[in-house]
Structures are given as C-alpha cells and as structure tokens.
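A, B, ... follow the sequence lines: proteins, then strands. Residue 1 opens every chain.
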Amino acid sequence: MKVDELPVDERLKRVIKERGIEELYPPQAEALKSGVLEGRNLVLAIPTASGKTLVSEIVMVDKLLREGGKAVYLVPLKALAEEKYREFKEWESLGLRVAATTGDYDSTDDWLGKYDIIVATAEKFDSLLRHGARWIRDVKLVVADEVHLIGSYDRGATLEMILTHMLGRAQILALSATVGNAEELAEWLDAALVMSEWRPVQLRKGVFHTGTLIWEDGTVERYPENWYSLVTDAVKRGKGALVFVNTRRSAEKEALALSKLVSSHLTKPEKRALENLASQLEDNPTSEKLKKALVGGVAFHHAGLSRTERTLIEDAFREGLIKVITATPTLSAGVNLPSFRVVIRDTKRYAGFGWTDIPVLEIQQMMGRAGRPKYDKYGEAIIVARTDEPGKLMERYIRGKPEKLFSMLANEQAFRSQILALITNFGVKSFSELVHFLERTFYAHQRKDLSSLEYKAKDVVYFLVENEFIDLDLEGKFQALPFGKRTSQLYIDPLTAKKFKDAFPALEKNPNPFGIFQLIASTPDMATLTARRREMEDYLDLAYELEDKLYASIPYYEDSRFQGFLGQVKTAKVLLDWINEVPETRIYETYNIDPGDLYRLLELADWLMYSLIELYKLFDPKEDILQYLRDLHLRLRHGVREELLELVRLPNIGRKRARALYNAGFRSVEDIVRAKPAELLRVEGIGAKILDGIYRHLGIEKSVSVQERPKKRGTLEDFLK
DNA sequence: CTACGTTGTTTCTAGACAGCATGTC
DNA sequence: CTAGAAACAACGTAG
C-alpha cells in the first residue's frame with residue numbers, strides 16, 4: 001500500500017513522504033485497514049522494528065488533526081519516553097504540541113493540558129490519573145507500547161488498570177511483541193487484531209554448538225570452537241555484534257576478553273577516537289574496567305553503569321565506533337539499538353530460588369535486535385548452546401511459540417495499591433462497585449471466575465480499614481481518609497505508608513539518620529542491597545552498636561527476616577556514608593556496588609524520604625521534627641553534612657563544590673556575597689560560569705572579571721600545540 | 001618454617017517505575 | 001529441580 005492511498009489527512013501524508021517513505025510495510029497496511037482510522041481499538045502484535053511506531057504516529061496524528069483532543073503514548077521506560085518524544089517532535093510542524101513526562105523528566109515547564117501528544121511512562125500516567133488531572137477527559141487515544149508487559153510480575157497490574165480505566169473512554173491502540181495469546185488480549189479490549197512475523201530486515205536465526213552453526217533452515221557453517229569467533233567474524237566483515245549474557249560479571253568479563261580479540265581489527269583513527277571516548281569517563285572502579293574494554297572497541301552494558309555512560313556507549317555503537325556490546329537484559333527491551341549480529345550466550349538465569357529458562361518472549365526480543373534497517377539486508381541471531389542441547393534450544397526458542405500473557409493483577413503489592421487508588425481517587429464507594437470495576441479487567445476476562453480475586457480484595461479492604469487508609473460507614477460505604485488519599489497520590493505502597501505511620505512515635509522521640517534510613521530500607525518500595533555472607537557479622541555488629549537508634553527490633557538469626565534486615569542495615573549504612581560526604585569511589589569499593597546502583601538507591605530514598613515527610617504532616621507534626629526531616633531530606637538529596645546545606649542550595653553547587661567553598665572559608669551565602677569574585681574563583685571547581693550563575697541567582701551585580709584562574713595541568717594536546 | 005601451587009568448597013547471580021520543584025561535577 | 005566463575009580454605013610440596 002502506498003502512503004498516497006491512505007485515507008488520512010494530506011498534511012500527514014506529506015510529512016511521511018518527506019521522511020522518504022512512499023510505501024507501507026504489509027503489516028502496517030493491514031493495521032491501518034483494520035478500522036483503527038475509524039476509531040476502532042487495535043492490538044498490533046508484530047516484531048520489534050517492523051514499523052509499529054509509524055502506525056501509531058499515523059493513527060495519532062490523523063485523529064488529532066481530525067477531531068482534536070489529546071493522544072497519550074505509554075512506554076515502559078523513561079529512556080523510551082525521551083526517545084519517542086524526540087521522534088514525535090517532528091509533528092510540531094503540523095501545529096501539534098508534543099510533551100513527555102516521567103518521574104524525573106518533564107520536557108516542558110508548562111502544564112500538560114496545552115499539549116496534544118503526551119508521552120509518559122505507564123506509572124506516571126497512572127499517577128496523573130490519580131491526581132485527577134483535568135485534561136485527562138480530552139484524551140481521545142491511548143497508545144500502549146510494549147503492552148505485553150501486562151504480564152510482568154511487578155509492573156503488569158499498572159498497565160492493566162490504566163487500560164481498564166481508559167477502555168470505553170478513549171480509543172486504544174495496543175502495541176505488542178508476538179505473544180501466545182494475542183487473541184485473548186484483543187477480545188478483552190474489544191479490538192481488531194493484526195499479527196504478523198514480517199520484518200523489513202530479514203532475520204536469520206541459528207544455534208551454535210562447539211564450532212557448528214546450524215541455521216533454522218538446516219544449513220550448517222563451521223567456525224572455530226569458541227563462540228567468540230561469531231563475534232570476531234562479524235567484526236572482520238565490517239559489522240558489529242550484540243552479546244547477551246545473564247550476569248553483570250559475565251558482561252564485564254566477556255567485554256574484556258572480546259576487546260583483546262577485536263582490537264586488532266581497528267584502524268588507527270578508530271583507536272584514537274575510542275581512547276578519546278574512554279577519557280571522557282569518570283574515575284571509578286566500574287569505569288576503569290569499561291575503559292579497558294573500550295580501547296579495544298568493545299563495551300559492556302548493564303544497570304550498574306551511570307545513565308551518561310550508558311547513552312555514551314549506545315551512541316558510539318550506533319555510529320559504529322564501538323563494534324561489540326556485551327549486555328545483560330538492560331538492552332533487550334530498551335531504546336532502539338540494532339546490530340547486524342546478535343549472540344545469545346545464556347538462555348538461563350538465576351531467579352531468586354534457582355535457575356530458570358529465560359522466557360521465549362524475552363529471547364525473541366533479544367534476537368529481534370538483529371539487523372540494522374538502513375545498513376543490513378538481513379540480520380543474524382545466534383543462540384550459543386553451552387549446556388543445553390542445540391536441538392532443544394532450536395525447538396524452544398527459534399521454532400517455538402512465545403508464552404501466553406497472564407494477568408498479574410492479583411500480585412499482592414500491586415493489587416493493594418490499586419484498590420486503595422480505586423477507593424481514594426476513583427470514587428469507588430462500595431465493595432460491589434469495586435467488584436463491578438474488577439469485572440472489566442483483563443484478569444476477569446481471562447479467568448472468568450472472580451471469586452479468588454474478590455477474596456483477596458476483601459483482605460485488602462480489611463487491611464486498608466484497619467490501618468485507617470479508608471473508613472467504612474454504617475451502610476458499608478467506603479470513605480477515603482486523608483492518610484489513604486495522600487498515600488495513593490504519593491504513589492507508594494500502602495504497606496510502606498503503614499510502616500512509616502507506625503514508626504512516627506519512635507521517630508519523634510529519637511530522630512536520627514540511621515533509624516530513618518533503616519526504616520526507609522525496610523519498606524517494599526525500596527530496593528535494598530544484600531549483605532554478603534562474610535559481611536553479615538559486620539552489619540549485625542553495627543546494628544547492635546546502633547540499636548538504640550533503630551525504630552525496629554533486631555530479628556533473631558532464626559527469623560525469616562534476618563537476612564533482609566542485614567541488607568537494610570547495609571543499605572542504611574550506604575545512605576549514611578553518602579550524607580557524611582564519603583567520596584563516591586570509596587562507597588563503590590566498600591560496598592561493592594556500581595555507580596548505577598548508588599544512583600538508584602539515592603533516587604528511591606529521596607522519593608521515600610519526601611513521602612515520609614508528607615505523611616508525617618498528617619499526624620499532628622511537631623515543627624522541630626518536621627524541620628529535622630526536611631534538613632535530612634536535603635542532605636540526602638545532595639549528599640552533604642549539615643553545615644553545607646546553605647551552600648548547596650546555590651545553583652550548580654553540589655557536594656564537592658560546596659565542600660571546597662566551605663573549606664576555603666566561605667561557609668555561608670553571606671560569606672560569598674561579601675567575598676571578591678577573584679577570591680572565589682581560586683576555589684577548586686568554581687569557574688567564571690559557575691560564579692556568574694551564583695550571582696545571578698542571588699540577584700547580585702558583580703562582574704566576574706575575565707582573568708583566568710591558574711591553569712590546570714595541560715593535556716598532551718596542549719603540549720604539542 | 002615459609003612460600004607457593006593444587007584441589008576442593010563456598011558464595012554469588014537482571015532490571016527499574018513512582019513525588020515534587022528546579023538545576024551536578 | 002537446572003550453571004559457572006571467582007573467592008576462599010584446606011592441603012601438599014619444594015626449598
């Protein structure tokens with residue numbers, strides 16, 4: 001089907017043709033003929049990179065141009081929200097306004113009501129729904145990207161609830177990977193279903209076993225015995241490879257090993273560019289390892305890396321500078337990052353209580369990364385058979401069908417939180433109304449029988465009443481209480497809120513960072529570290545040493561909570577180090593964690609600390625305690641001791657610069673106002689730009705003279721000039 | 001007795017969403 | 001129930 005033949009707005013066609021697209025892919029054409037353009041719901045289950053985004057763009061833009069209103073595009077990752085936002089920006093040429101919003105990123109300061117296309121993570125949209133944003137009623141279309149995540153254990157329920165809320169109120173376009181029961185999903189959404197295996201770039205799949213590469217069509221190729229040869233072969237042919245492994249350690253190890261092999265295939269300019277890239281990285285143990293791999297044209301990629309490092313690697317790989325990435329599943333479903341060859345080293349993964357096979361759906365998503373649309377005629381995805389027999393892998397992952405999706409609404413944590421929201425934010429007034437709502441969920445559609453869910457719902461309601469989130473009046477009607485309403489808006493687990501509430505009396509008596517951090521670490525919303533075997537004694541000792549500061553009692557060794565508790569103590573200790581200005585590198589070394597882990601911990605602690613304060617406000621707060629908590633929150637956010645709190649409020653002054661200023665004798669804003677610019681410029685880390693910003697922030701007219709500060713150690717390039 | 005090598009034993013393991021109000025090194 | 005690498009401990013031997 002030609003773009004010209006589309007029954008859509010002419011302006012829309014023009015923009016698409018300007019992209020150089022004249023002809024639609026068969027599944028795209030089929031999708032657009034399904035009735036979506038007339039407002040029908042659609043489930044589009046096709047492989048990654050086969051043009052789902054274009055379909056959604058056409059549907060969104062046509063609808064908006066024709067009817068006005070808003071379209072919401074839901075994604076599972078913050079990084080994807082940014083990616084889609086950039087892509088959709090193009091439509092501003094037609095007068096449509098595009099915005100993206102996630103927990104830590106808003107593309108705009110203006111309120112979302114002004115925008116036509118809103119990209120958001122599912123959780124963020126759920127939160128917006130709870131806050132009752134007025135513009136929600138203008139939403140005419142919801143596009144749910146990666147809708148198969150409805151089957152994810154911890155995040156599936158959110159998506160399911162959003163769709164249940166919006167079903168009937170807006171058109172729904174659900175984009176899915178190939179799943180075992182797309183029909184069931186389509187039935188639930190009362191949607192047309194378009195399924196296809198078609199890909200614009202052909203995909204060859206095969207299994208590798210000790211030197212033999214068997215393609216799915218039966219052809220066989222011989223390679224050296226070690227699977228590394230699959231990677232070096234791709235590099236020799238001027239292409240790249242993406243290697244998936246199941247642990248961070250493996251990713252790092254294989255990156256280093258492959259780096260040595262790939263290195264010899266690099267050109268001089270490439271080597272120079274790579275060294276330049278490596279020099280941009282920070283100084284910490286993880287980055288050091290990364291640098292070693294990078295100079296050989298290889299990088300590892302996992303959640304321990306900082307965001308900047310991750311994007312740096314992704315961009316360099318896209319440019320072809322980095323030849324090989326070894327990755328944990330971070331890359332299997334993330335931003336768009338195709339590669340000529342994909343090598344899957346592991347098909348098993350450790351999951352809590354043992355080794356499990358990685359789901360077919362996930363392996364297929366990894367394989368789907370093979371083949372770069374603009375550069376390759378085809379892509380190759382190869383599974384390495386190390387333990388399992390090659391035949392078995394071929395059967396399961398290459399010829400096999402992906403798993404069915406199952407509703408995860410009954411997941412206790414998610415369910416608890418969603419029921420609270422229904423009562424406090426969505427006007428559900430009685431148990432029968434609650435059941436009535438649940439009847440419209442995917443769970444109900446799939447299981448037919450609601451009795452066990454109703455039973456769980458009763459337990460949850462009982463828990464919510466018991467802990468004063470909600471009230472029951474004499475006729476059995478629900479009534480939202482402020483505690484419940486705030487909990488729901490803060491988007492925290494009711495159990496977290498309860499833990500906070502229960503701890504308030506003890507906290508008031510003895511406010512201290514260690515107690516508060518352990519409290520935060522003990523909630524289900526916090527990610528905690530695990531105490532390693534040989535650390536356990538240390539953290540137990542620490543807990544006893546600081547026992548009078550804790551708001552919880554130390555569990556006995558036999559207690560099932562013992563292990564978890566030690567992890568909480570460890571986590572609390574990391575946070576404690578952070579606010580005591582222990583350098584990051586030392587934190588990484590002491591606790592054996594990566595930069596990404598620390599970032600994640602701080603991000604979560606920040607959010608929970610805020611929530612703790614907000615909830616405390618509801619319970620007859622004491623002003624001095626409140627102030628104490630606010631200060632601690634600020635210390636946590638900036639990673640500083642109390643004495644730096646004043647300085648750290650200044651723009652671009654974080655823990656390092658604030659400490660430098662303080663140690664140089666500038667201990668307050670007052671000191672800075674009084675000081676001469678030249679004096680301040682002598683402080684390490686304070687340059688003209690920074691100082692200028694500070695003056696502007698303070699509303700001071702002082703010219704930062706252009707005089708250079710003493711030059712730092714020159715680089716080699718300076719020397720050669 | 002010490003330094004070092006060998007062998008058996010234990011330990012450890014992926015990822016990442018949410019509030020709010022503005023700006024890290 | 002299914003792995004595999006690394007850290008660690010125990011043991012053994014040469015000098």
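Stem regions for DNA chain B, each three or more consecutive Watson-Crick or G-U pairs with both distances under 3.5 Å and listed by first number, read B:1-13 with C:3-15.
In this view, A/Q280 satisfies the side-chain hydrogen bond (donor to acceptor under 3.5 Å, both in side chains) rule with no residue, not counting sequence neighbours. Under the side-chain hydrogen bond (donor to acceptor under 3.5 Å, both in side chains) criterion, A/K292 pairs with no residue, sequence neighbours left out. In terms of the side-chain hydrogen bond (donor to acceptor under 3.5 Å, both in side chains) criterion, residue partners of A/D692 (sequence neighbours excluded) are, by chain and number, A/R696.
Distance A/R649 CZ to B/dG23 P: 12 Å, rounded to the nearest Å. The separation between A/K689 atom NZ and B/dC25 atom P is 16 Å, rounded to whole Å. A/L159 places its CG atom 14 Å from the C1' atom of B/dA18, with the value rounded to the nearest Å. Here B/dG23 presents its P atom at 7 Å from NE2 of A/H697, a figure rounded to the nearest Å.
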- Protein-to-nucleotide contact annotation, 5' to 3' order, nucleotides 11-17 of chain B [B base; S sugar-phosphate only; - none; under 4.0 Å, heavy atom]: SBBBSBB
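Contacts of A/R637 with the nucleic acid, taken as non-hydrogen atoms under 4.0 Å apart, include base atoms. Among the protein residues, A/L650 comes within range of the sugar-phosphate backbone only, with heavy atoms under 4.0 Å from sugar or phosphate atoms but none that close to a base.
Extent of DNA chain C lying under 4.0 Å from chain A heavy atoms, first and last nucleotide in 5' to 3' order, is C/dC1 to C/dC8.
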